[in-house]
Amino acid sequence: RLVLPQELLTIGAAAFSGCSTLNYVEFGEKLTTIESSAFWNSGLYSADLPDSLVEIGNGAFRGTPLSEIVIPAGVEFIGHTAFMGCARMRSASIPASVTEIYNTSSMDFGILSQNEKGIHYVDNWVVGKDEGITTAIIRPGTVGIGDSAFEGDCKGLVNVVYPSSLKYIGEWAFETYVGWSVSNTYYLGTR
C-alpha cells in the first residue's frame with residue numbers, strides 16, 4: 001500500500017513501473033497527471049482515481065491486474081496503450097470530459113470493448129471495428145471516435161452514420177492503406 005502526498009500534482013513516467021508488490025495506491029486530491037508507463041506491469045489491482053485528474057498517459061496502467069476503472073469527470077486525455085494488457089479488466093466508465101482517447105490499443109478487445117454490429121466500444125467511445133463491415137452506424141449517445149479507430153483495412157467501409165451526440169473524431173480515424181473509401185456519411189443531428 002502506498003499513500004501519496006496530498007499536494008502531489010504529477011506521477012512521473014515509469015515511476016512505479018514493474019513494482020509487482022505495489023497493489024494499492026491512495027492518490028492525493030490534487031493529482032492532475034499520471035504520465036506514461038507510471039504503473040506499467042505493477043501489481044496495482046485497485047485504483048480510486050482522484051477527481052482532480054486531467055490526463056492518463058500512454059501505457060500508464062498497462063499490464064496491471066486492475067479489474068475495473070472509473071475515469072473521473074474532468075479527465076480529458078487517455079493515452080495510447082493506457083490500459084492494454086489488463087487481463088482482469090471487466091468494466092470501464094469514461095466521462096464526457098474525455099476529449100481524446102486512442103484506439104483499441106488503449107483498452108483490450110474483448111475485455112473492455114463492447115461489440116455492436118462490427119463496431120467496438122469502450123463505454124461511450126468507438127475504439128475499433130471488425131474487418132469486412134460495409135456500414136458503420138454509430139450508436140446514439142456515443143461522444144467520440146478514437147484516434148485510428150477505423151484505421152487500416154477499411155476498403156469495404158462505404159457508409160458511416162453519426163449520432164447527434166458525437167463531439168470528437170480522432171486523428172487517422174478512417175485512414176486506409178489503399179486510399180479513402182468511405183463515400184457516404186450521414187449526420188443524425190441538426191446543422
Side-chain angles (χ1 to χ4, degrees), residues 1-19 22-86 88-108 111-114 120-128 138 141-149 151 163-173:
R1 180 182 176 101
L2 175 66
V3 179
L4 295 173
Q6 290 298 312
E7 301 299 315
L8 185 68
L9 299 176
T10 301
I11 297 174
F16 301 101
S17 179
C19 294
L22 177 61
N23 53 34
Y24 179 78
V25 175
E26 188 174 313
F27 296 96
E29 58 188 40
K30 293 189 178 180
L31 184 70
T32 60
T33 306
I34 298 175
E35 291 186 350
S36 298
S37 305
F39 294 97
W40 188 358
N41 285 335
S42 72
L44 195 64
Y45 68 83
S46 180
D48 295 324
L49 301 175
D51 291 338
S52 56
L53 195 63
V54 175
E55 181 176 333
I56 299 173
N58 299 340
F61 295 95
R62 183 175 180 173
T64 63
L66 287 170
S67 59
E68 66 179 316
I69 194 75
V70 175
I71 309 297
V75 170
E76 298 172 358
F77 173 81
I78 299 175
H80 177 70
T81 71
F83 296 95
M84 185 176 183
C86 295
R88 295 181 62 229
M89 189 74 76
R90 293 295 174 262
S91 67
S93 176
I94 301 172
S97 59
V98 173
T99 57
E100 186 175 350
I101 187 172
Y102 206 74
N103 66 352
T104 54
S105 59
S106 292
M107 301 186 187
D108 284 340
I111 295 172
L112 293 179
S113 62
Q114 305 160 18
H120 295 266
Y121 294 88
V122 173
D123 201 6
N124 52 10
W125 277 76
V126 175
V127 295
I138 311 300
T142 299
V143 297
I145 297 175
D147 293 355
S148 302
E151 180 182 11
S164 60
S165 57
L166 196 67
K167 294 181 177 21
Y168 177 87
I169 297 177
E171 294 180 11
W172 305 102

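In this text, all values refer to a predicted model and were calculated from it rather than measured experimentally.
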Spacing of Thr64 atom OG1 and Arg62 atom CZ [to the nearest 0.5 Å]: 11.5 Å

Backbone N/O of Gly59 and side chain of Thr81: donor-acceptor pair under 3.5 Å: yes

Least distance between heavy atoms, Gly141 atom then Ser165 atom: N-OG, 3.1 Å

Verdict with reasoning, Ile11 to Thr33, per side chain to side chain contact (heavy atoms under 4.5 Å, CB included): CA-CA 6 Å; Ile11 297 174; Thr33 306; over 6 Å; no

Side chain to side chain, Leu53 and Ile34, heavy atoms closer than 4.5 Å: yes

Trp125 and Val98, any side-chain heavy atoms less than 4.5 Å apart: yes

Reported OG-to-NE2 distance for the pair Ser148 and His80, which is rounded to 0.5 angstrom: 9.0 Å

Rounded distance [0.5 Å steps], CD1 in Ile69 versus CG in Leu49: 4.5 Å

Side-chain (Glu100) to main-chain (Phe77) donor-acceptor, under 3.5 angstrom: no

In residues 35-48, what donor-acceptor pairs under 3.5 Å come from side-chain atoms, sequence neighbours left out?
residue	atom	partner	partner atom	Å
Glu35	OE1	Ala13	N	3.1
Ser42	OG	Phe39	O	2.9
Ser42	OG	Leu44	N	3.3

Phe27 vs Leu8 side-chain heavy atoms within contact, under 4.5 Å: no

Flag side-chain contact, heavy atom, 4.5 Å: Ile94 against Ile101: yes

Exercise: identify the closest heavy-atom pair between Gly57 and Ala82: O-CB, 3.9 Å

Test side chain to side chain contact (heavy atoms under 4.5 Å, CB included) applied to Val122 and Phe83, step by step: CA-CA 11 Å; Val122 173; Phe83 296 95; over 6 Å; no

Minimum side-chain heavy-atom gap Ile78-Ile71 below 4.5 Å: yes

Closest non-hydrogen atom pair between Pro95 and Pro72, with its separation: CG-O, 3.2 Å

Expected output: side-chain Ser52 to main-chain Leu31 donor-acceptor under 3.5 Å: yes

Pairwise distance CD(Glu68) to CE(Met89) - rounded to 0.5 angstrom: 8.5 Å

Separation of Leu166 CG from Ile145 CD1 (nearest 0.5 Å): 5.0 Å

Check: Val143 main-chain N/O paired with Asn124 side-chain donor or acceptor under 3.5 Å: no

Under 3.5 Å donor-acceptor, Asp147 side chain and Glu171 backbone: yes

Expected output: side-chain Arg88 to main-chain Pro65 donor-acceptor under 3.5 Å: yes

Whether Ser97 side chain and Glu76 backbone form a donor-acceptor pair below 3.5 Å: no

Worked check of side chain to side chain contact (heavy atoms under 4.5 Å, CB included) between Leu22 and Leu2: CA-CA 7 Å; Leu22 177 61; Leu2 175 66; 3.6 Å; yes

